Number of protein chains: 2
Amino acid sequence: MASLKDVAVHAGVSVSTASLALREDPAVKEVTRQRIRRVADELGYRPNGIARDLKVKKTDMIAVLLHDLGGPFYSELLRGVQDRSHQRGFTAIVACSAKGKSSAMTRLLLENRVAGAIILDPVIDESEISSVASEDLPIVVLDREIQAPHVYAVSADHEGGAFKATTHLLDRGYRLIGFLGGPEDSFHSRMRFEGYRRALSQAGVDFDGDLVCYGMFTEDSGYDAGFRLFANGRHPDAIFAANDEMAIGLLRSLEEQGLSVPDDVALVGFDDIRLTQYVSPALTTVRQPMYQLGSDAVEQLFQILSGNADIESVMLSTELVIRQSSGVTPRSPIRG
Amino acid sequence: MASLKDVAVHAGVSVSTASLALREDPAVKEVTRQRIRRVADELGYRPNGIARDLKVKKTDMIAVLLHDLGGPFYSELLRGVQDRSHQRGFTAIVACSAKGKSSAMTRLLLENRVAGAIILDPVIDESEISSVASEDLPIVVLDREIQAPHVYAVSADHEGGAFKATTHLLDRGYRLIGFLGGPEDSFHSRMRFEGYRRALSQAGVDFDGDLVCYGMFTEDSGYDAGFRLFANGRHPDAIFAANDEMAIGLLRSLEEQGLSVPDDVALVGFDDIRLTQYVSPALTTVRQPMYQLGSDAVEQLFQILSGNADIESVMLSTELVIRQSSGVTPRSPIRG
DNA sequence: AGACGTAGTCGAAACGTTTCGATTTTGGGG
DNA sequence: CCCCAAAATCGAAACGTTTCGACTACGTCT
């Protein structure tokens, strides 16, 4: 592997001149520069970014750590990250946030290979993240609340989205509105539950714990929950599911129970995954601004790295996407 | 940022001893090691992986370059990459293969930051890839054919899958089988077309160019093609679409044209994306071993990096997944 | 003609490790 | 008590850059 020294020797100049020349520094004479560049090409010289990073003590790479690579809607998020990183001169690299000796977490974050990190992983524990963040490694967490130095948050407004979803059902006249949550300790599930509670309470509808049920955010767990929600003679007239996967499983189980959606039971999900448009009836849901989440995360990191002092948490609003599963006409509007 | 030297000074030992101690080298006495480690912890010392990589002149990171991050079925692929990388002691980082000065391509591959790369990108041109590959940077391309030094291939058997799909339709008695391809210069489309041709020819069915149509691998382009395929009084009794997206668009257009699938027209797709199970009728398709593709790519890279001389291209077989869209019972089996 | 500014080039240090040969310490045997 | 091998520690070089102060040569100004 040809190094700068090799180039310098072959071009009959010093290493420093070669270095300057290849970086188009105006201090080196045009003719010399051309010669050096020609030699570099002949030798197939490639700058060693590792050496460079070591010398200048900084790197333009930022890490994006996801719990499982390639989940369904990371696509948009990563596009946001990608675009904004590029715009800010960063190179974003994505990896899986698994722990362990040779994990990306270790290699990238603990071994000083990146300037900062964005973490979207509901599972990895808080202490892990806060212990890894430092003066030299700011971390932006997505969809989490972590109070720790050098940890910043960018989040979609899950509570607000859930509020919108539930209010939508209330507006359409439903009163026995069930909630299908995810794992109880999950941030997403908690926030969405809170929005649900707030909507009920604002509408003056009593909360009924019997109408609440939990799954695992998977389609199958939604399917299972579909039976529990209608067991013992209970019969909610609408259900707000904390994510689309479960809503879709739920849809299947309702169908099996001979219940029609939305005629017998209205249904709203969360996330707006692609499938929601294809199931029948198409699923009313809440869309998160994934692209912006990614882009804002990078921007936040950029600001921090630029030494901008007062960084505030960012909360992005969500959007209700109304389709068929939540009924068509308001039966008895509660407002207006 | 505390360096090894700081640790050494505070612990009253030399830098080399500190280095050895923190790597648990048995040459350093237990008590010394404990002292050094304690000091390191107190100072919040973190090894500088960049310096390390520079010194030892190697890195355990491999890059995975995708055309667009987070496409629908990269998920499985990346899991394969992830698992195998971990098993082989690599850290896999994923980035977008866009070109340009500060792109991942440049930063990671051209600046010697990774030991090797896996590229899955039908768009980026061949010359780009072959010019980037080198002695010190072996590249494994997925689903492409590139003849160049230091470029190796791992591929699913698209031709074979298309053959299976078409033969399946033939077995069920269809004879006027149309082909809906992607962009004509795409490797995927070409291979799948070839499998289609071979199946027809093996069954002694004449190829009819009028039954061939091209889209862009998108749902909308499939929808449009659906009208072209049935224009001018043509009426294929089955269609093999080169991917599921287009097949689904096609399904929609057939429905609009009052054609029933599979009764009027049978349909087979390719890829087995998740949606295929949810559309109605569920789509018969060809599944690629995405997990294995990823895992084999890493394995291939590992072998190359281990100095294993004779590396052969790998071709993985695909699997026909039969659902409702291709009809139910054979009408007139052509074999057996 | 001498001084001086400037364009161009150079040398050496530094970044934080690892590695290896050299040096010191230790402890046991004669 | 001394010597020696083994154990423990150390010092310095090296990895490939960048950077900065220093140096050279040369034309210009006075």
Side-chain angles (χ1 to χ4, degrees), chain A residues 1-37 39-40 43-61 106-108 110-115 134 136-137, chain B residues 1-37 39-40 43-61 106-108 110-115 134 136-137:
Chain A
M1 176 98 280
S3 77
L4 202 46
K5 189 157 146 203
D6 301 321
V7 175
V9 169
H10 281 75
V13 298
S14 74
V15 174
S16 38
T17 305
S19 171
L20 294 172
L22 294 175
R23 278 175 298 145
E24 310 287 317
D25 191 298
V28 16
K29 206 168 23 171
E30 177 61 18
V31 51
T32 323
R33 177 176 11 173
Q34 286 176 1
R35 180 160 40 98
I36 294 177
R37 170 149 304 288
V39 171
L43 295 180
Y45 169 74
R46 294 184 189 183
N48 185 321
I50 295 188
R52 173 173 204 285
D53 283 356
L54 175 60
K55 175 60 194 171
V56 308
K57 296 182 67 144
K58 72 192 271 288
T59 173
D60 291 337
M61 298 215 266
T106 305
R107 284 285 217 288
L108 299 178
L110 286 179
E111 293 184 354
N112 295 299
R113 277 179 230 267
V114 294
S134 78
D136 309 280
L137 183 73
Chain B
M1 177 97 281
S3 76
L4 203 47
K5 188 157 146 199
D6 301 321
V7 175
V9 169
H10 281 75
V13 297
S14 73
V15 174
S16 37
T17 304
S19 172
L20 293 173
L22 293 175
R23 279 174 297 145
E24 310 286 319
D25 191 299
V28 15
K29 206 167 26 171
E30 179 60 20
V31 49
T32 324
R33 175 173 16 172
Q34 286 178 1
R35 179 160 41 97
I36 294 177
R37 171 148 304 288
V39 171
L43 294 180
Y45 168 73
R46 293 186 189 183
N48 185 321
I50 296 188
R52 171 172 206 286
D53 282 356
L54 176 60
K55 175 59 193 170
V56 306
K57 298 182 65 146
K58 71 192 274 288
T59 173
D60 290 337
M61 298 216 267
T106 305
R107 285 283 216 288
L108 298 178
L110 286 179
E111 293 184 355
N112 293 301
R113 277 179 230 267
V114 294
S134 79
D136 309 279
L137 184 73

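All figures in this text were calculated on a predicted structure; none of them were measured in a lab. Chain naming here is simple, since letters A, B, ... match the order of the sequence lines and numbering starts at 1 in each.
- With D/dT18, C/dG16, C/dC10 as the choices, the nucleotide that has an atom nearest any side-chain atom of A/Lys57 turns out to be C/dG16.
- Comparing D/dT9, C/dT18, D/dT17 against the side chain of B/Leu4 picks out C/dT18 as the nearest.
- Checked against D/dC10, C/dT18, D/dT19, the side chain of B/Val13 finds its nearest nucleotide in D/dC10.
- Rounded to whole angstrom, the span from the CZ atom of A/Arg46 across to the P atom of D/dT17 amounts to 13 Å.
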Item to check | side-chain contact (heavy atoms from CB on, under 4.5 Å) assessment of B/Glu111 paired with A/Asn48 | outcome: CA-CA 5 Å; B/Glu111 293 184 355; A/Asn48 185 321; over 6 Å; no
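- Side chain of B/Arg35 to main chain of B/Val31: no donor-acceptor pair is present (N/O by atom type, distance under 3.5 Å, no hydrogens or angles).
- Contact check on A/Asp53 versus B/Arg113 returns a salt bridge, with a Lys/Arg side-chain nitrogen under 4.0 Å from an Asp/Glu carboxylate oxygen.
- In this structure, the CG atom of A/Asp25 is 11 Å from the P atom of D/dC20, given to the nearest Å.
- Distances were taken from every side-chain heavy atom of A/Lys29 (C-beta onward) to each of C/dG8, D/dT17, D/dT9; the shortest belongs to C/dG8.
- Nearest nucleotide to the side chain of A/Ser14, out of C/dT18, C/dC10, C/dC15: C/dC10.
- Between the CG atom of B/Asn48 and the P atom of C/dG16 there is a distance of 7 Å, rounded to whole Å.
- With C/dT18, C/dG8, D/dG11 as the choices, the nucleotide that has an atom nearest any side-chain atom of A/Thr32 turns out to be C/dG8.
- Closest to the side chain of A/Thr17, from the set C/dG16, C/dC10, C/dT18, is C/dC10.
- Rounded to whole Å, the distance from CD on A/Glu111 to P on C/dC15 is 20 Å.
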Item to check | Worked check of side-chain contact (heavy atoms from CB on, under 4.5 Å) between B/Val114 and B/Leu137 | outcome: CA-CA 8 Å; B/Val114 294; B/Leu137 184 73; 3.9 Å; yes
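- In this structure, A/Ser16 reaches the bases: a heavy-atom distance under 4.0 Å links it to at least one base atom across the strands shown.
- As a whole-Å value, the separation of A/Leu20 CG from C/dG11 P is 14 Å.
- Using modelled atom types, one side-chain atom of B/Asn112 and one backbone atom of A/Pro47 make a donor-acceptor pair closer than 3.5 Å.
- Residue A/Leu54 places its side chain closer to C/dC15 than to any other of C/dC15, C/dC10, C/dT19.
- Taking atom NZ on B/Lys5 and atom C1' on C/dT18, their separation rounds to 16 Å, with Å as the unit.
- Going from atom CZ of B/Arg113 over to atom P of D/dG16 covers 15 Å, rounded to whole Å.
- For D/dT17, the OP1/OP2 oxygens have no side-chain nitrogen or oxygen of A/Ser19 closer than 4.0 Å.
- Rounded to whole Å, atom P of D/dG16 lies 14 Å from atom CG of A/Leu43.
- The residue among A/Ala51 and B/Ala18 whose nearest nucleotide of DNA chain D lies closer to the 5′ end is B/Ala18.
- For the OP1/OP2 pair of C/dT18 and a distance below 4.0 Å, the side-chain nitrogens and oxygens of B/Arg23 include at least one atom meeting the criterion.
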